[in-house]
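Down below is the structure, laid out as structure tokens.
Each chain gets a letter, A, B and so on, in the order its sequence line appears, and its residues count up from 1. Please read all numbers here as calculations on a predicted model, not as lab measurements.
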Amino acid sequence: MKEKFYLTTAIAYTSGKPHVGNTYEAILSDAVARFKRRQGYDVFFQTGTDEHGQKIEDKAKAAGKSPKQFVDEVAGEIKRIWDKMEVSYDKFIRTTDEDHVKQIQKIFKKLYEQGDIYKGEYEGWYCKPCESFWTESQLNGGKCPDCGREVKKAKEEAYFFKMSKYADRLMKYYDEHPEFITPVSRKNEMINNFLKPGLQDLCVSRSTFKWGIPVDFDDKHVVYVWLDALSNYITGIGYDADGNHGENYKKYWPADVHIIGKDIIRFHTIYWPIFLMALGEPLPKKVYGHGWLLQEGGKMSKSVGNVLYADDLADTFGVDAIRYYVLTAMPMESDGVISYESIIDEINGNLANVFGNLVSRTAAMINKYFGGSVYDAGAFEPIDQDLKEVVCGAYKKAAAKMDEYRIADAIEQVFTVFRRANKYIDETTPWILSKDESKKDRLKTVLYNLAESIIIGASLLNPFMPKATEKAAEIFGTKLRDYDIIETFGVNKEYKVVNDAEILFARIDKEKFMEELNAKQQANEQVKAQEELIGIEDFSKVKIKIAKVIACEKVEKSKKLLKLTVKIGDEQRTVVSGISNYYTPEELIGKKLAMIVNLKPAKLCGIESQGMIICAEDEKAGVVAYLSPEKDVEEGSQVF
RNA sequence: GGCGACGUAGCUUAGUUGGUUAGAGCGGCCGGUUCAUACCCGGCAGGUCGGCGGUUCGACUCCACCCGUCGCUACCA
């Protein structure tokens, strides 16, 4: 009987369209799922969407839609992208699914009835106008982060989960399963920051917004989104809080791995295991926290309009190329970087030149010398041995890397097959053999060895690039192999190659591409600039005046802040500005600079800031510069 | 502030319990080849393994300190 393997992605939050970095996780997980299937595991791969919470309620409202309407649209978009990227999930769960909702209510009730959840009082900082509770760390200079007004300590009724009760058991689980948190460096963060100081009980209900799963015995409250979201891993495969589990649950739980982003490791390695302990269910075997795929030259930002989306990139470069790229761009323990130039370099280098061209030249020779048909004619030469060893040895090396979730390294191992095969062509020089009638069998054997190497390599590459590798197999008139026979050379007895093999990966003219891209972006910016035109009445709301800095010092408690005392006409004000990385206090004293004077005051590190220095930022060069009048003007002069 | 990680060739990076000439890919330079998507193959470039000490017969790999970069520091997901 096949061994089971259950893996999941984190479910994607439906607050907006996922960028390529979010999509990376689905592709990564898919690569693992496909590799495991080739290895013969009975794989269940679950992904989906997390659709509740205040943020979504707010976003929907802003878009003039009902929350359900809103999440239907976004979830549809996410599913469409996953499908487009060939993510081969077995189940796509949505937290608005009826059976999920029902189970969450049952789970909440069960935990309440057994005393792990209790009713208490949530104490936080409350902003009355915004009707919002904030935590200490969310406050901005001691004030409401939304409106900047005063907040008050306030209490509200809420349900809490007794986290501390399970802390010792969790520690024990960490100790007994050293690979539970991967990379292990994250484990220390969890232990040192949370477990050692003592776990606080977690507030698991909300009553300040509605868009969530109602607590069925107390409908003022909705279930805290993380209890809702995390449980998808069991509800999606048929968990039942009453114990009448579905077949899939009995078969697949516990999960073999939860693949998640590094930002949510805490939820998956502390809260989730504790919820499971409380439910009396086994814990997942591993939580793998991957790094982030970042965009070159700073953050992706929707307002800047430089966000890369996987589906757009796939339209430009192809699904397989983007899958390959995002998988290889990620180092094991840190973040990866994505840029158009490096995508093109990878496509041209490894995909077109090494892999694609190998397929192309081999197919062409088989057609040219033998009319498209070739088999092992038995003309072995010692030089063949090394080729076969490299080709047949690649699986073990790649599989070892996959077991460590070092995907990029696994792919690198596969490429040694193609590199070795290219070298083999130079070593055996088929074009010279072809000129000697007596070497015909040798030539046939050489080309057969190449075809066989390509099929083995393509089979290994298949989990990462499903379509292109299948095409490669079609070119050689065969199918890709599962990994039980991947270490044997000579499985196929003969190859029949198609006549006009299509090019798997076209080379891209990088210079031309970048020029066209720049032209396109400039055009977009112009359009955008026009769209964002404002009237003079908008501008006149902002009062800018020239201020003279009469004193300046560093704010001790902070890294970035400077406290400035400025004179605007007869008035003296205190301003806090985050520019200490760019200016020393001495540099600023005596200077005249432009400042917004009618901004609502805000407390930063306990100091009230009564205005804002305006600065120009050159992100690329990392330069920040304040603006000052070109001629000397009296402080207090207005800027128009 | 507390805890932790990292800093290896122009770039991205491997380096397992310390041990002979520190590996690879990309880029660069030189040479070879023509089956192929101006591809492929070979060679070279020569990096004080962040800095300074220490332990050791011997350290990129262990310890201390310094410099730099980054992560986590709880109820927004």
Side-chain angles (χ1 to χ4, degrees), chain A residues 10-15 50 52-56 58 122 124 132-138 145 158 160-161 163 183-206 224-229 261-267 270-271 289 291-292 328-329 331-337 342 345-346 348-369 406 408-409 412 415-416 418-419 421-434 443 446-447 450 501-508 556-557 559:
Chain A
I11 47 179
Y13 198 59
T14 49
S15 58
D50 176 12
H52 293 121
Q54 176 145 37
K55 200 159 162 185
I56 286 168
D58 292 348
Y122 178 82
S132 299
F133 269 92
W134 305 102
T135 61
E136 189 82 40
S137 62
Q138 282 175 299
F160 284 86
F161 187 98
M163 282 289 155
V184 282
S185 58
R186 298 286 168 189
K187 183 163 89 178
N188 298 326
E189 293 179 354
M190 296 306 127
I191 293 174
N192 292 334
N193 289 321
F194 300 102
L195 292 177
K196 273 192 186 161
L199 276 181
Q200 295 170 18
D201 287 351
L202 181 73
C203 179
V204 287
S205 75
R206 292 289 185 277
Y224 172 51
V225 280
W226 272 105
L227 179 55
D228 167 8
K262 62 179 183 179
D263 50 329
I264 54 175
I265 287 176
R266 188 175 86 232
F267 299 96
I270 294 179
Y271 303 147
W292 290 337
T328 53
M332 171 70 172
E333 297 206 19
S334 51
D335 297 333
V337 177
S342 60
D345 285 343
E346 283 296 325
N348 285 347
N350 285 329
L351 300 187
N353 294 347
V354 174
F355 177 44
N357 185 47
L358 172 67
V359 168
S360 175
R361 66 200 300 214
T362 303
M365 284 192 281
I366 292 173
N367 274 317
K368 187 166 177 179
Y369 301 139
R406 290 180 169 268
D409 292 347
E412 183 56 35
F415 268 78
T416 61
F418 302 131
R419 289 182 206 285
N422 272 322
K423 186 172 170 177
Y424 180 73
I425 296 179
D426 270 48
E427 290 167 341
T428 54
T429 56
W431 54 92
I432 294 175
L433 295 174
S434 75
L443 178 58
V446 163
L447 293 176
L450 282 169
E502 77 175 291
I503 283 184
L504 293 178
F505 301 98
R507 287 179 60 80
I508 297 165
E556 283 309 325
K557 275 184 280 182
K559 287 175 192 165

Whole-Å distance, A:K423 NZ to B:C40 C1', equals 12 Å
Check against side chain to side chain donor-acceptor pair (under 3.5 Å), A:E189 and A:N193: CA-CA 6 Å; A:E189 293 179 354; A:N193 289 321; 5.7 Å; no
Between B:C30 and B:C35, how far apart are the P atoms? Round to whole Å, please.
25 Å
Paired to B:G47 by Watson-Crick or G-U wobble criteria (both distances under 3.5 Å) is none
For the backbone of A:G356 and the side chain of A:S360, can you confirm whether one donor and one acceptor N or O come within less than 3.5 Å of each other? no
Exactly one of A:T362, A:I366, A:V446 clears side-chain contact (heavy atoms from CB on, under 4.5 Å) with A:P430, and that residue is A:V446
Contacts of A:N348 and A:V225 projected onto RNA chain B by closest heavy atom; the upstream (5') one is A:N348
Pairing partner of B:C60, by Watson-Crick or G-U wobble and under 3.5 Å for both distances, is none
Checking N1-N3 plus N6-O4 or O6-N4 for Watson-Crick, or N1-O2 and O6-N3 for wobble, each under 3.5 Å, the partner of B:C6 is B:G68
For B:U34, the nucleotide meeting Watson-Crick or G-U wobble distances (both under 3.5 Å) is none
Next on the checklist: Say we look at B:A45 and B:G23: how far apart would their C1' atoms be, to the nearest angstrom?
Outcome noted: 16 Å
What interatomic distance, in whole Å, is found between C1' of B:U48 and the corresponding atom of B:C60?
-> 12 Å
Closest to the side chain of A:W226, out of B:A77, B:A36, B:A74, is B:A77
Report task. Have a look at A:G198 and say if it touches a base, only the backbone sugar-phosphate, or nothing, with a 4.0 Å heavy-atom cut-off. Result -> base
Between B:C3 and B:A9, how far is it from one C1' atom to the other, in whole Å? 34 Å
- Got a donor-acceptor pair under 3.5 Å from the side chain of A:Q200 to the base of B:C75? yes
In Watson-Crick or G-U wobble terms, with both distances under 3.5 Å, the base opposite B:G1 is B:U73
Review point. Which value, in whole Å, describes the distance between the P atoms of nucleotides B:G27 and B:C41?
Key: 12 Å
*asked:* What's the gap between B:G32 and B:G10 when it is taken at their P atoms, as a whole Å value?
replied: 29 Å
Contacts of A:D201 and A:W292 projected onto RNA chain B by closest heavy atom; the upstream (5') one is A:W292
query: Expressed as a whole number of Å, how far does the P atom of B:U17 sit from that of B:U12?
result: 26 Å
Within the pair A:R206 and B:C76, is there a side-chain N or O less than 4.0 Å away from OP1 or OP2? no
If we take the C1' atom in both B:A77 and B:U69, what is their distance in whole Å?
28 Å
Review point. Is a side-chain N or O of A:Y224 found less than 3.5 angstrom from the main chain of A:L202, in a donor-acceptor match?
Key: no
Expected string for nucleotides 2-11 of chain B under the B/S/- scheme (protein heavy atoms, under 4.0 Å, primed atoms plus P, OP1, OP2 as sugar-phosphate) is BS--------
TODO: Name the orientation class of the two ring planes belonging to A:F355 and A:F415 (parallel below 30°, tilted from 30 to 60°, perpendicular beyond 60°).
DONE: perpendicular
If pairing means Watson-Crick or G-U wobble with both distances under 3.5 Å, then the partner of B:C52 is none
